[in-house]
**Student:** 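Next up is a structure, given as structure tokens.
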Amino acid sequence: MTSNFLREINWTTEQRHVVECLLTASARSSESAILLISYAQLWDSEILVRAIVESTIKTTYLLQSKSDFETRYQEYRHDLFQIGLLKDHSKTQELLNLISDNDAPSWRPLKDRLLSEAEINDISGKYPQSRRRSLETQWGFTGILGSFSRSNDEAFKILAGLSYSYSMSSHILHADHIGTSLPFEFDQRSPERRNAILMAYGSRLLSDILTCLKIRLFSGYRFSGLDLSPLEEVNNAIENLLSEFGNLYDDWLGMEYRSKT
């Protein structure tokens, strides 16, 4: 179904490639996250779900409207790419400065990442620090959700609901005390309580992954002007799949709070 809307849009080869890269990133991380869920590695899967959410909202932001597409495409593909090269240069140079034999052939791959002085001046001139900071904020998670909210685009107001899982993954990714203590606390519960919450947690992760899939498909179909009715088939298939897991959340809720009601 993804190929359907890609074929319908009169993009340049490069524009099509950029969108394909975003969609491929989402699909790749989704496959890896589902694999981790199947092995009950839920906390590590949470980090991958964060990547899926990131690629999904960037795809949605890029395809929100035809009138904004060219500007947002230039920002994502060219402006942020150049800014990223400049940041990578600084980090690479810091590492090489710590290495006494950085002229050794083994460091050639890193040295090839360095920019020339002319390239540094060119990028810095085009993108002063204030402009770099503004673009990175605009294309960050909070920035994009804020843009959706301000645009009054009813179709994407629901995306604000992704903030919870994104915030949770931040704790895991950054290994703050919330992120390190939660998995530990889960493991200390009785087997019955632990299994119930892990099953509910796993189903929530899977639901988030599939919700992101629906969002990407809707974004692409709406942008290309295609009939949205085929997406009902996707929605029904997802609902049927999730129903096979039963009421895992309700089961956990009843177990966790039955002694408190």
**Student:** When you measure from the side chain of Ser203 to the backbone N and O of Ala200, does any donor-acceptor pair fall under 3.5 Å?
**Tutor:** yes
**Student:** Do the side-chain N and O atoms of Gln93 and Asn97 include a donor-acceptor pair separated by under 3.5 angstrom?
**Tutor:** yes
**Student:** Distance-only, no hydrogens or angles: does the Arg132 side chain make a donor-acceptor pair with backbone N or O of Tyr127 under 3.5 Å?
**Tutor:** yes
**Student:** Any donor and acceptor pair, going by atom type alone, linking the side chain of Asn240 with main-chain N or O of Asn236 inside 3.5 Å?
**Tutor:** yes
**Student:** Is the side chain of His89 donor-acceptor paired with the backbone N or O of Leu115 at a distance under 3.5 Å, no angle test?
**Tutor:** yes
**Student:** Checking the side chain of Ser151 only, and the main-chain atoms of Phe148 only, is there a donor and an acceptor separated by less than 3.5 Å?
**Tutor:** yes
**Student:** Transitively linked via ILVMFWY side-chain contacts under 4.5 Å: Tyr166 with Ile57?
**Tutor:** yes
**Student:** Looking at Ile52 and Ser29, what are the two nearest heavy atoms and their distance?
**Tutor:** CG1-CB, 3.6 Å
**Student:** So, for Thr92 and Asp88, which heavy atoms are closest and what is the spacing to 0.1 Å?
**Tutor:** OG1-O, 2.7 Å
**Student:** For residues Ile99 and Asp101, determine if any side-chain heavy atom of one lies less than 4.5 Å from a side-chain heavy atom of the other.
**Tutor:** yes
**Student:** So do Ile209 and Ile37 actually touch side chain to side chain, heavy atoms under 4.5 Å?
**Tutor:** yes
**Student:** Assess whether side-chain contact (heavy atoms from CB on, under 4.5 Å) is satisfied between Asp208 and Cys212, documenting all intermediate values.
**Tutor:** CA-CA 6 Å; Asp208 284 353; Cys212 285; 5.6 Å; no
**Student:** For His177 and His171: C-alpha separation, side-chain torsions, deciding distance, then whether side-chain contact (heavy atoms from CB on, under 4.5 Å) applies.
**Tutor:** CA-CA 8 Å; His177 187 57; His171 294 304; over 6 Å; no
**Student:** Would you say that Tyr221 contacts Leu226 through its side chain, given a criterion of any heavy-atom pair below 4.5 Å between the two side chains?
**Tutor:** yes
**Student:** Please determine whether ring-ring contact (aromatic ring centres under 6.0 Å, His included) holds for the pair Tyr61 and Tyr76, giving the CA-CA distance in whole Å, both sets of side-chain angles, and the decisive distance to 0.1 Å.
**Tutor:** CA-CA 10 Å; Tyr61 185 59; Tyr76 179 78; 9.8 Å; no
**Student:** Cut-off 3.5 Å, side chains only: do Lys111 and Asn102 have a donor facing an acceptor?
**Tutor:** no
**Student:** For Phe69 and Tyr73, take the angle between the two ring planes, folded into 0 to 90°, and tell me which bin it lands in: parallel under 30, tilted 30 to 60, perpendicular over 60.
**Tutor:** parallel
**Student:** Strictly below 4.0 Å, N to O, side chains only: are Lys126 and Asp79 in salt-bridge contact?
**Tutor:** no
**Student:** Can you find a heavy atom in the side chain of Phe245 that is under 4.5 Å from one in the side chain of Leu206?
**Tutor:** yes
**Student:** Is a donor on one side and an acceptor on the other found under 3.5 Å between the side chain of Thr211 and the backbone of Ser207?
**Tutor:** yes
**Student:** Check for me, please, whether Tyr39 and Leu48 land in the same ILVMFWY cluster - side-chain distances under 4.5 Å, paths through other members count.
**Tutor:** no
**Student:** Would a hydrophobic clustering, with Ile, Leu, Val, Met, Phe, Trp and Tyr connected at side-chain separations under 4.5 Å, put Leu110 with Ile120?
**Tutor:** no
**Student:** Are the side chain of Ser165 and the backbone of Leu162 linked by a donor-acceptor contact shorter than 3.5 Å?
**Tutor:** yes
**Student:** Quick one, Phe141 and Val53 - any side-chain contact, counting heavy atoms below 4.5 Å?
**Tutor:** yes
**Student:** Could you go through Trp139 and Arg72, starting from their C-alpha distance and side-chain angles, then the distance that decides it, and tell me whether this counts as side-chain contact (heavy atoms from CB on, under 4.5 Å)?
**Tutor:** CA-CA 9 Å; Trp139 277 87; Arg72 293 178 181 180; 3.8 Å; yes
**Student:** Give a yes or no on whether the backbone of Gly143 and the side-chain of Ser147 come within a donor-acceptor separation of less than 3.5 Å.
**Tutor:** no
**Student:** Taking Ser134 for the side chain and Ser130 for the main chain, is one N or O donor matched with an acceptor at less than 3.5 Å?
**Tutor:** no
**Student:** Would Trp43 and Phe184 count as a close aromatic pair, with their ring centres under 6.0 Å?
**Tutor:** no
**Student:** Evaluate the side-chain proximity of Leu145 to Ser163: yes if any heavy-atom separation is below 4.5 Å, no if none is.
**Tutor:** yes
**Student:** Hey, does the side chain of Arg194 reach the backbone of Arg189 with a donor-acceptor pair shorter than 3.5 angstrom?
**Tutor:** yes
**Student:** What I'd like to find out is whether the side chain of Leu96 reaches to under 4.5 Å of the side chain of Leu114, using heavy atoms alone.
**Tutor:** yes
**Student:** Give a yes or no on whether a salt bridge exists between Glu46 and Arg50, defined as a side-chain N under 4.0 angstrom from a carboxylate O.
**Tutor:** no
**Student:** Report yes if the side chains of Leu23 and Arg216 come closer than 4.5 Å at any heavy-atom pair, otherwise no.
**Tutor:** yes
